[in-house]
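FYI, the numbering just counts along the sequence from 1. Remember, it's a predicted structure, so these values are computed and weren't measured experimentally.
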Amino acid sequence: HDGIYMRDNRPNGMGPHTYNRELDPRLIPDEIKRLQRVIEKLEESNAELQAALQEDPTEQEFKIAVEENLVVIARTKCKIRELEKRTPCKCSPAADDDGMSNASL
């Protein structure tokens with residue numbers, strides 16, 4: 001049965017916290033969307049695996065795949081929460097596009 005697998009494309013030695021600090025803040029919204037799509041695909045995969053398990057409850061590989069997907073989903077949700085903390089508020093007067101603070105005007 002086909003499954004969905006998530007690959008870790010971070011350079012060697014980069015843990016999840018390093019990965020998030022290295023990400024350009026302007027790319028955070030796109031990364032969050034990408035991670036949300038990963039979760040959607042894994043949830044779809046789990047639904048298919050659960051259906052297959054209904055037909056053959058003894059299939060251990062399907063059970064293991066569901067459990068592994070649940071772990072990846074939980075980790076991915078955690079990454080999204082971490083990235084959301086780093087997303088600057090668009091309505092704050094912190095800085096304009098030119099890097100000048102509104103407070104200095």
Side-chain angles (χ1 to χ4, degrees):
H1 191 73
D2 291 333
I4 296 175
Y5 301 93
M6 186 171 148
R7 292 188 350 195
D8 187 348
N9 293 323
R10 295 178 296 216
N12 287 336
M14 290 186 78
H17 302 292
T18 305
Y19 170 69
N20 288 337
R21 281 194 295 269
E22 298 294 326
L23 187 63
D24 183 333
R26 295 171 294 184
L27 301 177
I28 290 175
D30 290 335
E31 179 64 3
I32 289 172
K33 288 177 190 172
R34 186 189 71 79
L35 292 171
Q36 289 169 336
R37 285 191 304 274
V38 166
I39 290 171
E40 289 173 16
K41 294 296 183 183
L42 288 168
E43 288 173 341
E44 289 171 11
S45 175
N46 273 1
E48 292 173 12
L49 289 165
Q50 292 288 2
L53 278 168
Q54 293 294 322
E55 294 175 23
D56 183 5
T58 63
E59 185 59 63
Q60 288 297 317
E61 287 185 37
F62 293 167
K63 290 178 185 178
I64 292 169
V66 168
E67 291 171 8
E68 289 174 350
N69 284 351
L70 291 173
V71 170
V72 174
I73 289 168
R75 287 181 182 160
T76 304
K77 286 181 178 180
C78 182
K79 288 177 187 177
I80 289 172
R81 284 192 299 274
E82 289 176 12
L83 288 170
E84 286 173 339
K85 290 177 188 175
R86 293 188 50 221
T87 304
C89 177
K90 291 182 170 110
C91 60
S92 74
D96 290 332
D97 289 338
D98 63 356
M100 299 287 294
S101 170
N102 289 337
S104 67
L105 298 177

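Proximity of a side-chain donor or acceptor of Lys63 to a complementary backbone N or O of Pro57 within less than 3.5 Å is detected.
Every residue meeting the salt bridge (Lys or Arg N to Asp or Glu O under 4.0 Å) condition with Arg26, not counting sequence neighbours, appears here in chain and number order: Asp24. For Gln50, the side-chain contact (heavy atoms from CB on, under 4.5 Å) partners at least two apart in sequence or on another chain are Leu53, Val66. Considering only residues two or more places apart in sequence or on other chains, Glu43 meets the side-chain contact (heavy atoms from CB on, under 4.5 Å) condition with Ile39, Ile73, Lys77. Take Glu40 and apply the side-chain contact (heavy atoms from CB on, under 4.5 Å) test, not counting sequence neighbours, and it matches no residue.
Between Glu31 and Arg34 a salt bridge is recorded (basic side-chain N to carboxylate O distance below 4.0 Å).
Note on Ile32 and Leu27: same hydrophobic cluster, where clusters join Ile, Leu, Val, Met, Phe, Trp and Tyr whose side-chain heavy atoms are under 4.5 Å apart, directly or indirectly. Phe62 and Leu70 fall within a single hydrophobic cluster, where Ile, Leu, Val, Met, Phe, Trp and Tyr are joined by side-chain heavy atoms under 4.5 Å apart, directly or via other members.
The shortest heavy-atom contact between Thr76 and Leu35 is CG2-O, 3.6 Å. Contact between Leu83 and Ile28 at its shortest, heavy atoms only, is O-CG2, 3.6 Å. Ala65 and Leu49 get closest at one heavy-atom pair: CB-CD1, 3.7 Å.
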